[in-house]
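This report refers to the structure that appears directly beneath it.
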Amino acid sequence: MAGAATHHHHHNERCQSCAAQLKHRLYCDTCEKIQQLGQGDDYFSIFGHPRTFKLDPKRIEKNFEEMMLALHPDFYANAEAQEQTLSLEHTALLNEAKNALFNPYLRGRYLLTLLVPELGTVLGQPPQTFILETFALQEALDEAEKGRRDIGPLSKQISKLSTEIEEALEQQFGKLTEYGDQPELVEAIRAGLSKLKFLINLRDRARSIEKSLS
Amino acid sequence: MSELILGIDLGTTNSMAAWVGPQGPEVVESEQITSHVPSVVSFGQRGRLVGQAALAARLEQPKHTFYSFKRFMGRGPKDISEDLSRLPFEVRSGDRDNLLLWAEDRGYSPEEMSSLILVEIKTRAEAILGQPVKKAVITVPAYFDDGQRQATRDAAELAGLEAVRILNEPTAAAIAYGLGEKQKGKVVVYDFGGGTFDVSVLELKEKIFKVLSTQGDTRLGGDDLDQLVAEQIAKEFLRGLELDPHSRQYLKKVAEEIKINLTSQTHTKTHIHLPAIGVDQELVYTREQFDQAIAPLVTRTLGHIAQALDQANLTPEEIDDVVLVGGSTRIPLVRHQVEQYFNKPPHIRLNPDQVVSLGAAIQGHLLAGGRRDFLLMDIIPLSLGIETLGGTFSKLVLKNASIPAKATEVFSTSIDNQTGIDLNLFQGEREFVKDCRNLGRFKLAGIPPMPAGLPKVEVTFFVDNNGLLTVTAEELRSHVKAQIDIVPTHGLKRAEVSRMIKESYEKALDDFSMRNLVEFRAKAEAIEAGLVKVWEQAPKYLSPAEIKAIEEHRQALLKIAQGDDPLALKAAIDQMGHLTREFADAIMGDAAKSALIKPGKG
């Protein structure tokens with residue numbers, strides 16, 4: 001069912017062994033050979049996904065499962081040592097990459113280092129204004145923990161804030177890809193990511209409060 | 001045909017093997033022999049006994065009959081919460097942080113004990129299947145940590161088996177269930193065995209069986225239930241009489257019988273006969289009393305289910321089916337509580353004692369290249385990491401992460417010109433390493449002298465598809481790779497495994513174990529078959545008294561061959577040899593003559 005449109009980001013990559021056009025980056029469906037990783041490979045490319053903050057989870061999931069069904073070490077128990085190693089490394093990479101991509105903060109941080117490699121991975125604290133803005137939210141969570149406040153609306157508020165930041169990041173990353181490195185844009189993305197990390201922590205806390213109450 | 005990879009369920013109380021034969025997955029057994037072996041080893045006057053024979057010796061030889069040693073695999077004295085002095089046999093601390101089971105003159109590691117069970121199963125399977133067995137998928141509780149998994153693999157190596165895969169027990173059950181029942185959806189496997197409890201949440205799709213979360217307790221099983229019942233009897237019925245090892249063993253056996261009786265009855269009557277402490281009485285025990293005794297532990301398992309569901313982000317209503325595994329799930333209270341929790345009756349069509357070994361056999365079939373119709377995606381049960389400043393636990397691979405998994409982190413030195421870094425490996429969920437399991441330590445040496453904080457040491461954790469960890473480290477500025485030598489905290493060192501393998505070969509010669517029994521049985525069968533063929537000629541060569549003696553001994557031999565005593569069987573075979581020697585010689589002589597007369601035939 002996978003139409004050509006699904007794979008137009010592959011730039012006609014060919015199998016390292018039989019030169020057939022690749023449907024999956026890490027595995028050749030034609031000659032069944034595991035592919036070596038190359039210079040241009042990253043968490044996005046191995047799933048045939050463009051380097052964008054906006055995610056196509058269905059495509060990732062589908063490619064993930066198809067490659068796992070081809071590459072999992074359980075299918076290489078009798079293979080040569082080199083194939084076994086590749087199978088282990090590739091499946092570990094697929095797990096690692098999928099985890100990172102499905103977490104918006106990790107995905108953003110990873111994409112930023114791909115687009116602006118010299119930046120490093122240290123993000124620092126969210127802006128002071130944001131911390132002040134969310135101070136009330138933290139206090140409300142303290143209250144909810146003591147059972148003096150309803151947790152439901154708080155969780156919704158945290159989700160809403162996260163979604164807003166994610167949408168802004170989508171646009172900012174879009175511009176960064178289109179127009180290249182601009183200091184102000186990069187700063188805005190860094191700030192957005194640090195906010196997102198902060199909100200994910202708040203969300204986890206809200207979730208654990210919700211559970212302890214139920 | 002693909003190579004044979006056996007599936008072995010190496011259980012706390014019972015072990016067995018399964019394979020995928022022409023009829024599909026089945027437990028390895030024939031009419032005469034079964035691979036189902038109690039996980040018990042006994043050292044007595046009659047030599048070393050394994051399995052059923054050892055279990056039978058448990059009351060005569062309480063001090064030298066070892067059971068439940070799976071609980072000590074990969075563990076140290078500090079890990080064992082139970083009172084070791086209550087055990088009928090002796091457990092001593094080894095010279096490291098390990099445990100040794102003491103029999104007469106020497107200590108046996110839990111790995112060695114387990115390897116004796118594996119040898120027994122391997123030998124039986126070879127006799128039944130008529131082909132050598134070299135490889136196996138061996139199951140472990142999902143909640144086993146890295147040390148316990150390594151120990152299991154070492155036990156296999158000691159037994160001359162390659163553990164091509166260490167497979168989680170609930171996951172193995174899910175394979176058998178998923179393929180056998182063609183089910184899809186969210187499934188909970190509730191595995192309450194002899195010594196351990198596991199619960200796993202899985203998502204079964206078309207070809208992919210994905211484990212979402214797992215939770216458990218490696219020290220909670222049917223053994224503990226027996227213990228609770230035995231304690232209750234001692235307290236209420238024997239009113240705190242001082243118990244010797246024999247009485248304790250006896251009570252535990254009584255408790256187990258009561259437990260089994262009460263799965264189908266509402267009350268049971270047992271005669272307790274303990275002359276040593278002057279007890280000789282009837283005991284009536286009701287299911288109500290039993291339920292009361294075990295309720296705290298059953299409730300504990302429900303807590304684990306709640307945690308597993310929580311980690312999988314699911315509610316009980318979202319679960320499509322609950323699969324029961326392990327002998328303890330036969331207990332009515334357990335079934336009732338599980339049914340209440342999920343508000344639906346659990347799945348009980350699969351035999352809870354066999355389903356783990358069957359799943360392991362199916363996985364073995366896949367590993368051997370015999371099939372490709374499913375893929376198991378498993379997870380790591382406990383977070384892995386290293387000790388950092390102030391004794392805090394820095395997690396690198398998180399609990400419930402899909403495996404194979406890889407994680408790296410960069411560390412640095414704290415002192416100028418420091419050339420080595422000690423890394424201390426831990427596994428667990430707590431914040432401080434003192435509350436986690438120590439797996440071992442290793443040293444990164446040969447870092448070029450640099451000011452403190454300048455070296456960048458990249459530590460990589462790699463967890464393979466067996467859930468087994470390897471650690472590598474590299475200093476990124478100098479590209480010095482770690483000289484890694486992990487010394488396991490509780491388990492065996494590589495050198496020890498090699499030495500034990502060597503010793504076991506040397507010892508095998510004078511070892512009257514199952515190996516001999518299988519051979520002797522084959523011999524007894526051959527003797528019987530030979531006699532059947534020529535018996536009608538017996539009156540020609542033998543006196544009626546001789547015929548009677550042989551007839552009687554034939555019956556005796558057949559009976560002994562059904563048993564599990566290699567020494568008795570050997571003696572019976574030798575005896576038969578004496579009785580029939582002249583008869584055999586006479587027949588052979590005549591056969592040779594007739595062969596001379598009729599040379600054209602045959």
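Values below: every heavy atom of this structure, side chains too, minus hydrogens, waters and symmetry copies. Since the structure is predicted, the reported quantities are computational estimates derived from the model, not experimental observations. Order of the sequence lines sets the chain letters (A, B, ...), proteins ahead of strands, with each chain counted from 1.
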Open item on the list: Less than 4.0 angstrom from a charged side-chain N to a carboxylate O is my criterion; do B:Lys205 and A:Glu65 meet it?
Closed with: yes

Open item on the list: On a heavy-atom basis, which atom in B:Asn465 and which in A:His72 lie closest, and how many Å separate them?
Closed with: CB-CE1, 4.0 Å

TODO: Output the distance between atom OG (B:Ser402) and atom CD (A:Glu96), rounded to the nearest 0.5 Å.
DONE: 12.5 Å

- [ ] For B:Phe374 and A:Phe75, work out which heavy atoms get closest and say how close.
- [x] O-CZ, 3.6 Å

Open item on the list: Tell me whether the count of non-hydrogen atoms from other residues, nucleotides or ligands lying under 6.0 Å of CZ in B:Arg371 goes above 12.
Closed with: yes

Open item on the list: Taking the side chain as everything from C-beta on, heavy atoms only, tell me whether B:Pro404 gets closer than 4.5 Å to A:Asn95.
Closed with: yes

TODO: Considering non-hydrogen atoms only, spot the tightest contact between A:Ala70 and B:Arg372 and give its length.
DONE: O-NH2, 3.5 Å

Task: Crowding at CG, B:Asn343 (>12 non-hydrogen neighbours, <6.0 Å) - done: no

TODO: Could you tell me whether B:Glu318 atom CD has more than 12 heavy atoms of other residues or ligands within 6.0 Å of it?
DONE: yes

Task: B:Ile5 versus chain A, the contacting section by heavy-atom distance below 4.5 Å - done: neither

- [ ] Can you see which heavy atom on A:Asn78 is nearest to which on B:Gly369, and at what distance?
- [x] ND2-N, 4.3 Å

Task: A:Thr91 OG1 to B:Lys406 NZ distance, which is reported to the nearest 0.5 Å - done: 11.5 Å

TODO: Give a yes or no on whether B:Lys399 atom NZ has more than 12 heavy-atom contacts from other residues, nucleotides or ligands under 6.0 Å away.
DONE: yes

TODO: Identify which part of B:Leu366 has an atom lying under 4.5 Å from any heavy atom of chain A, answering side chain, backbone, both or neither.
DONE: both

Open item on the list: Between B:Val164, B:Ile403, B:Asp310, who has the most heavy-atom pairs with chain A when the cutoff is under 4.5 Å?
Closed with: B:Asp310

Task: Closest heavy-atom pair and its distance - A:Asp74, B:Leu376 - done: OD2-O, 4.4 Å

Task: Contact summary for A:Arg207 and B:Asn313, nearest pair of heavy atoms - done: NH2-OD1, 2.9 Å

